[in-house]
Amino acid sequence: MRPIQRWGLLAALTLGSAWAQTATAEPPAAGIDDVSEDSAVSTLDPVVVTATRTGENNRDLPVAIDTLSKPVIQDQTRRVLVSEVLPRVPGTAVSNRGTFAQEEQIQLRGFGAQSQFGTRGIKLVADGIPASTPDGQGGPGLFDLGSAQSIEVMRGGFSALYGNHSGGVVQLFTEDGPETPTLTARLMAGSYGAWVAGLKFGGQFGTLNTVLDTYRMETDGYREWSHAQKDQANAKFRLDLAHGGTLTLVANALNLPDSEDPLGLTAAQVQADRRQAQPAALQFQTRRTLENMQGGLQLEQPLTDQDQLHATAYLGTRSNQQFLAVPLTNQNAITASGGVSTFERRFFGGNLWWSHETALAGRPLTFTLGGEYESASDDRKGYFNLLGEQAALKRDEVDGVTSWGGFVQAEWRPTDRWTLNLGLRYTDVHFDSDDRFICTVSQVTAPGARPGTCSGSTTGITAANFNPDDSGNQTYAAWTPALGLVFALTPEANLYANVGKTFETPTFPELAYRPDGGSGLNFALEAATSWHYEIGAKLLIGTAARLNLSLFQIDSQNELTVATSQGGRTTYQNTPSSRRRGVELLLEGDLGHGFAGTLAATYLDAQITGSYLGCIGIPCRTLDPLLNVARVPAGNQLPGVAPFNLFGELSYAYDPWGFTAAVDVYGQGRVYVNDVNTETSGAYWTFGVRGGFKQTRGRFELREFARINNLFDEDYNGAVNVNDANERYYYPAPGVNYLVGITLAYLW
């Protein structure tokens, strides 16, 4: 056990024992950051903003949308990864590869399962600032959970009003500071050399409300070669304006230096030693360094009693250096971009919308009209990876993508029991790649040529095709409508239905190369489109419980899958069609006598409905039917998508002792790891237990907790790498592991 772990465990046990003997169980003074202050009743019908942008009760919307509250996010958790909390949401799965060198992969109703690089196909937003690039690539690591007030997860067709994605929207909102200034320190320690130390300060100062959160996390990781350090800071300043408006400044900084990547394993390697790193990871010292800084300004201003204006502007920078395990012979190939990928990104954007309340035929009507603009420009380079050292240049280009869109939403209540919601959006996404790495054989052999420039074997290559200009541009655009109805069956039960269309463009890494080996972007790729159909019910059960149920079908065309993998390049192709059918259930509430429960269950049948040629074998080289390909038949399951997910929790609170505890279970069905459905990652069930105390004395509040994850030491995979050309599909997850923590708050 490392010193920080021993210190954290000893401090938690010693202080908890001492304070439990001397402190009374009086309620905390007003203003202390009490993560247990939300009652069960207050969270039964939460106000959500993602669906309508103006904020309405969840039960009144024809949308599958669920909210994770501050207690769920911050109480007795590490507050570092979204996989700690998102499995509580039906229709949602999070794949954790066990390395901070790769972002977590969020799936909504099976969309995002084939992402090779973080989260894609899902719109990520943090305090109004996209955590996804305009082409659809996202990183949930930007979410600061230590200062999160809520996370909203919207699935289905109504998410079409957010533009370029297929599955839905995940949006985080930072908390306001407490009325009285409060300083909170937290320290946690756990298995595999993990520790977290953080500080948070917040308060109300006249018309200015502020909260600042910062922390450092470090871990050696469950597997060999998976050490990581994460530094993050998040700040929010909200100024109350005259006439009821607010002006909010948000800023976020993230640093991930040299996060080691053990890479995926083959089935045989998992069987031999699930904690090992892929040998190529050690050979090429695969790792990533990431820095991200961003800030935004938001204005919310009521214009009249019926009109509200909202405006957001943001900008930021992001730098990335990633060492890849590409064999040296492949790095030297003409088509390769080397084994070290870097980019320097600058991004900016904004949105503006206006909401108006009026009447139609004497009945309430609210409509919203708005527009958005996003832009990102990457100065992207590739270099040789000489066994962990960055060497000669192999790629040099500027990749720019811009997106703009306009939308209109309306809500009309023609009767007291019926509500109609509709929306329409137009989105335009433009890609532009400027290749600056162009050379011929004569340039390489010319006197005075720079060493390493345009490097690669020249055998059999002519001056005309040695390294041609790969510049190009492409534009995708679409209209995406959404329509929904709500019927108030009783005061406690609402029925709803909706239909909507989403569209999702390829990302720049997917457009970069062509399966035929030719130059230029892969213009043959089309945007994926999906029609979502859904019916559901939202019920209040008494005064302390609720039930949400939804049934859906999604018909998709042109989803992306891996086409070829050769010479350090992965190329993509469109699949003809697929269909998802499923059921989602959420049941939660107060059970009485201090007990509360949550059950989130999903059944999902995700099938390929149009056959195509798929890539198999080591390596997948071309789409030649005679070489390393097979026909993927209709009826195969979409790889990476589990047929069921289930999360359950039973919690208990005893206020006189300031004691809270819970037991939880998570289960997931087996998933296929390739299009041809020849290999699977097995189903699994994990169990966890947690508990802690809270004591208050004067202006101080102390909390201590402990939790054990994977209590029965289940062997399972936390993620899979779909269609991996080397059959390194599997990322083993940790066995039984623990976390202990203490939090001390001081109220000024």
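Position 1 is the first residue of the sequence; numbering continues from there.
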Strictly distance-based, threshold 3.5 Å: is any side-chain N or O of [X] a donor or acceptor partner for the main-chain N or O of [Y]?
X      : Y      : result
Glu104 : Asn96  : no
Gln232 : Leu142 : yes
Gln105 : Val94  : no
Gln298 : Asp127 : yes
Asn522 : Tyr572 : yes
Gln107 : Gly640 : yes
Asn721 : Asp724 : no
Asp261 : Ala101 : no
Arg155 : Val153 : yes
Ser471 : Asp435 : yes

Which heavy atom in [X] sits nearest to a heavy atom in [Y], and how many Å separate them?
X      : Y      : result
Leu124 : Gly139 : CD1-N, 3.6 Å
Asn473 : Phe523 : O-CE2, 2.8 Å
Thr133 : Glu374 : C-OE1, 4.3 Å
Pro140 : Ile106 : CB-CD1, 4.0 Å
Pro506 : Leu525 : CG-CB, 3.9 Å
Gln171 : Gly128 : OE1-N, 4.2 Å

query: Under the side-chain hydrogen bond (donor to acceptor under 3.5 Å, both in side chains) criterion, do Ser132 and His165 qualify, and how do the steps go?
result: CA-CA 10 Å; Ser132 304; His165 67 275; over 6 Å; no

Between the side chains of [X] and [Y], is a donor N or O closer than 3.5 angstrom to an acceptor N or O?
X      : Y      : answer
Asp675 : Tyr612 : yes
Asn234 : Ser147 : yes
Ser95  : Arg97  : no
Glu510 : Thr507 : yes
Asn252 : Asp144 : no
His430 : Thr475 : yes
Asp399 : Ser433 : yes
Asn292 : Thr317 : no
Glu152 : Thr50  : yes
Ser578 : Glu559 : yes

Determine whether [X] and [Y] make a side-chain contact, defined as any pair of heavy atoms from C-beta on separated by less than 4.5 Å.
X      : Y      : value
Glu260 : Thr286 : no
Tyr729 : Asn674 : yes
Thr427 : Ser403 : yes
Asn574 : Thr561 : no
Val671 : Val720 : yes
Gln137 : Phe508 : no
Val398 : Arg380 : no
Val196 : Arg79  : no

- request: Cation-pi check, Arg53 to Phe407: give yes when NZ or CZ is under 6.0 Å from the six-membered ring centre and within 45° of the ring axis, no otherwise.
  value: yes

- request: Measure from NZ or CZ of Arg109 to the centre of the six-membered ring of Phe111, then state whether that distance is under 6.0 Å and the direction lies within 45° of the axis.
  value: no

statement: Of Gln285, Arg288, Gln390, the one forming a side chain to side chain contact (heavy atoms under 4.5 Å, CB included) with Phe323 is Gln390

Criterion side chain to side chain contact (heavy atoms under 4.5 Å, CB included) against Val170, the qualifying member of Val125, Ile122, Val89, Thr119: Ile122

- prompt: For Arg346 and Glu344, what are the C-alpha separation, side-chain angles and deciding distance, and is it a salt bridge (charged side-chain N to carboxylate O under 4.0 Å, His left out)?
  reply: CA-CA 7 Å; Arg346 291 175 174 81; Glu344 297 288 338; over 6 Å; no

Roughly how far, to the nearest 0.5 Å, is the [atom2] atom of [Y] from the [atom1] atom of [X]?
X      : Y      : atom1 : atom2 : answer
Leu511 : Leu560 : CG    : CG    : 8.5 Å
Gln114 : Asn723 : CD    : CG    : 6.0 Å
Leu265 : Asn726 : CG    : CG    : 12.5 Å
Thr289 : Asn255 : OG1   : CG    : 8.0 Å
Arg120 : Glu103 : CZ    : CD    : 14.5 Å
Tyr383 : Ser337 : OH    : OG    : 12.5 Å

message: Under the criterion side chain to side chain contact (heavy atoms under 4.5 Å, CB included), I'd like the reasoning laid out for Asp213 against Leu199: C-alpha separation, chi angles, the key distance, then a yes or no.
response: CA-CA 6 Å; Asp213 181 66; Leu199 284 173; over 6 Å; no

query: Around atom CZ of Arg436, are there more than 12 heavy atoms of other residues, nucleotides or ligands at under 6.0 Å?
result: yes

field: CD (Gln229) with more than 12 external heavy atoms under 6.0 Å
entry: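 Atom CD in Gln229 is crowded, with more than 12 foreign heavy atoms closer than 6.0 Å.
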
- request: Considering only NZ, NE, NH1 and NH2 on the basic side and carboxylate oxygens on the acidic side, decide whether Arg216 and Glu218 come within less than 4.0 Å.
  value: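 Salt bridge absent between Arg216 and Glu218.
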
- request: Could you tell me whether Lys123 and Glu504 have a side-chain N and a carboxylate O separated by less than 4.0 Å?
  value: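 Between Glu504 and Lys123 there is no salt bridge, as every charged N stays at least 4.0 Å from the carboxylate O atoms.
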
Step-by-step salt bridge (charged side-chain N to carboxylate O under 4.0 Å, His left out) determination, Arg425 to Glu372: CA-CA 11 Å; Arg425 179 183 174 112; Glu372 297 175 334; 3.0 Å; yes

task: Decide if the gap between the ring center of Tyr314 and the ring center of Phe348 is smaller than 6.0 angstrom.
output: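 That pair fails the under 6.0 Å test.
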
field: Ring centres under 6.0 angstrom apart (Trp404, Tyr426)
entry: yes

task: For Gln278 and Gln269, run side-chain hydrogen bond (donor to acceptor under 3.5 Å, both in side chains): C-alpha distance rounded to whole Å, both residues' side-chain angles, the deciding distance at 0.1 Å, then the answer.
output: CA-CA 8 Å; Gln278 181 64 236; Gln269 289 172 325; 2.9 Å; yes

